[in-house]
Amino acid sequence: MSRTLRVRQSQTVLPFGVGAVFDIQGESFVAAGIGDWPTKGKQRIESPRLASRLGVSGFYAAPATTNDRFDIPDAPGAPYIRFPTWLFCGACRRMKRWRIADEKPGQPPRCPSCSPARTLAPMRFVQICQDGHLGDVDWWYWAHSRRDANERRQCGEREKLRFLVSERASSLEALSVACTAKGCGAARDLLDILGTHGMRCSGRNPWQRASEAVECTRPVQIVQRTAGNLYYPITHSALDIPETDVPAYADDALAARVREHELWVSLCRVAGTPRASVFQTMIQEDTGADDSLVEALLAEETGQAPTASAGTPTGSARPDLSREEWAAFTAPAPPATRDFALRESTLGLAGETADPWASLGRRFGRVVLADRLREVRALSGFTRVSPDATVVPVDTARRLKWLPAVEVFGEGIFLTLNKAELTAWEGDKDVRKRVDGMRADLDRSFQRERLESLTGPELAPRFVLLHTLAHLLIRQLSFESGYTTASLRERIYARPEQDQYGILVYTAAGDAEGTLGGLVRQGEPPRLAETLLRMTEAAAWCSADPLCAEHTGQGFDNLNRAACHACALLPETSCETGNTLLDRALVVGGGHVPGYLESIVTASRVAAIGALEQA
Ligand SMILES: [Zn+2]
Ligand SMILES: [Zn+2]
Ligand SMILES: [Zn+2]
Ligand SMILES: [Zn+2]
Ligand SMILES: [Zn+2]
């Protein structure tokens with residue numbers, strides 16, 4: 001019986017993008033680099049804004065195809081190859097190194113020794129290194145690793161191995177790899193296999209030819225092929241905002257400081273030469289301006305297009321794409337095109353004088369509903385072992401100037417805070433002190449560079465506030481509307497230097513049909529105000545309290561405060577920061593810090609008691 005394995009086009013960036021290892025129907029594969037993509041049938045994905053920011057020529061999606069490319073040479077579709085290549089038979093326990101010549105189209109790998117032939121299973125362990133390489137574990141070496149070099153040389157067979165399982169022991173101790181070469185009998189169990197064992201790195205990824213391998217001296221780590229540190233994709237996402245006369249920068253005062261800097265004229269004179277970066281760095285250090293602002297000002301001054309942060313994106317930092325999006329959402333007349341249709345709405349609380357509604361109305365600003373939005377998600381590379389390890393680009397040969405991408409369509413709710421209320425709250429010394437503590441943890445985190453590309457150069461209270469609000473709102477919306485939390489996503493607009501103070505909660509499904517308007521309906525009055533109120537009430541309590549509320553550092557690198565799985569965390573795909581920089585206390589108060597929405601919690605309790613007394 002022939003089987004069909006299929007990866008949907010929308011999955012070719014995430015979760016099954018270049019370098020990812022994944023299981024389908026008991027078989028395991030790795031997604032190959034874009035150098036192996038078919039030359040024909042790729043679908044061009046337009047996103048000039050993202051392309052210019054990333055310094056690439058454009059984007060392509062894998063050809064949509066009903067065929068898979070797992071075992072059919074030259075078939076269309078994104079290429080995946082079998083990995084690990086070491087397989088074993090669950091019946092006779094023989095291990096087999098599977099080669100491309102062994103593949104039979106439409107068939108899973110079968111045991112050559114058993115009758116009837118059993119399907120072979122992939123070995124559970126693989127090896128990775130800090131430079132992003134991935135390879136099979138050298139199982140022959142492992143089986144003989146307790147022998148000395150002399151004894152090892154006695155064994156003439158490299159591939160006569162069995163993967164044994166003992167019924168007497170449990171866990172990894174029960175598993176062992178044994179050599180069945182004549183007169184050898186070497187074996188070792190897998191008890192302490194995870195970790196570093198002085199094995200050599202292959203210096204490449206499985207889709208790269210042996211000639212492309214580099215001399216790699218990094219220690220290799222043996223991990224399960226499903227381990228979280230096997231693959232950290234570097235993705236970028238841009239909303240398809242229409243070309244408008246959006247100002248290139250939002251903060252005029254900051255722009256003026258840059259232009260008045262004593263090195264500004266020198267920078268303009270040498271723009272485009274290697275010396276420019278020296279001046280640019282000094283100006284940015286003195287003024288606090290970021291790359292994109294200085295580049296926008298330079299482009300304006302010199303009449304040349306921004307240099308897009310130099311060349312192909314190889315770092316793990318993401319360029320800031322928030323400025324134009326924020327400008328579009330806050331424009332006096334929000335734009336409406338075929339792929340990006342906005343309309344202004346309200347919470348429906350104008351003229352409301354009774355609390356908690358009046359308080360709620362005061363705390364929030366603008367509501368904009370996106371009836372349709374288009375998002376382009378691109379993959380520039382990945383790391384292994386840790387997020388700040390060496391980046392492997394999607395084209396391992398570093399020749400191609402395009403990136404793999406997908407486009408998705410959806411809808412969203414954009415919401416801002418009341419700027420005056422926010423400014424007053426951010427000025428509170430307890431608020432500042434609490435966020436100073438988080439900033440200190442962020443400075444120590446190896447995720448700092450990546451997170452700063454979202455928070456801006458300095459973590460502000462509004463970022464943690466808005467980010468936590470986005471999580472709470474997604475959880476509440478999912479509770480009330482039937483959307484799963486995993487189908488909703490956030491975008492945080494909270495850079496103080498760009499005068500941002502809003503969030504977008506959106507859903508984007510795979511295809512051009514978009515979604516059905518259900519999320520936007522949740523954003524219409526009076527529903528959104530009711531949702532926000534219930535969200536605030538719910539956020540005041542977590543089932544892990546008082547532990548959660550009093551936490552001084554939980555989650556990844558201790559970057560969260562009062563925020564845990566029970567109250568504020570989201571599925572990985574929904575969150576821009578990897579579930580970090582969250583704190584309910586900044587929303588609802590507690591821990592000696594005034595929450596931005598604390599008065600609503602209080603007012604709604606008073607109102608509830610009032611209603612009880614009247615009853
Ligand atoms: Zn067998
Ligand atoms: Zn042997
Ligand atoms: Zn390596
Ligand atoms: Zn909690
Ligand atoms: Zn998040």
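Atoms within a ligand are numbered from 1 in the order they appear, just like the ligands themselves. What's counted below: heavy atoms across the whole structure, side chains too, no hydrogens, waters or symmetry copies.
At a cut-off of 2.8 Å, C548 coordinates the Zn ion (ligand 4) through an N, O or S atom.
To the nearest 10 degrees, the Zn ion (ligand 2) sees NE2 of H144 and SG of C179 at an angle of 110°. Atoms SG of C542 and SG of C564, as seen from the Zn ion (ligand 4), are separated by an angle of 100°, to the nearest 10°. Vertex the Zn ion (ligand 1), arms ending at SG of C92 and SG of C89: the angle is 110° after rounding to 10 degrees.
For E426 (side chain) and T423 (main-chain N/O), no donor-acceptor pair under 3.5 Å exists by modelled atom type. Looking only at distances, a side-chain donor or acceptor of D189 sits under 3.5 Å from a matching main-chain atom of L191. S359 places no side-chain N or O within 3.5 Å of a backbone atom of I600 that could act as its donor or acceptor partner.
Side chains of R491 and S237: a donor-acceptor N/O pair is present below 3.5 angstrom, by distance only.
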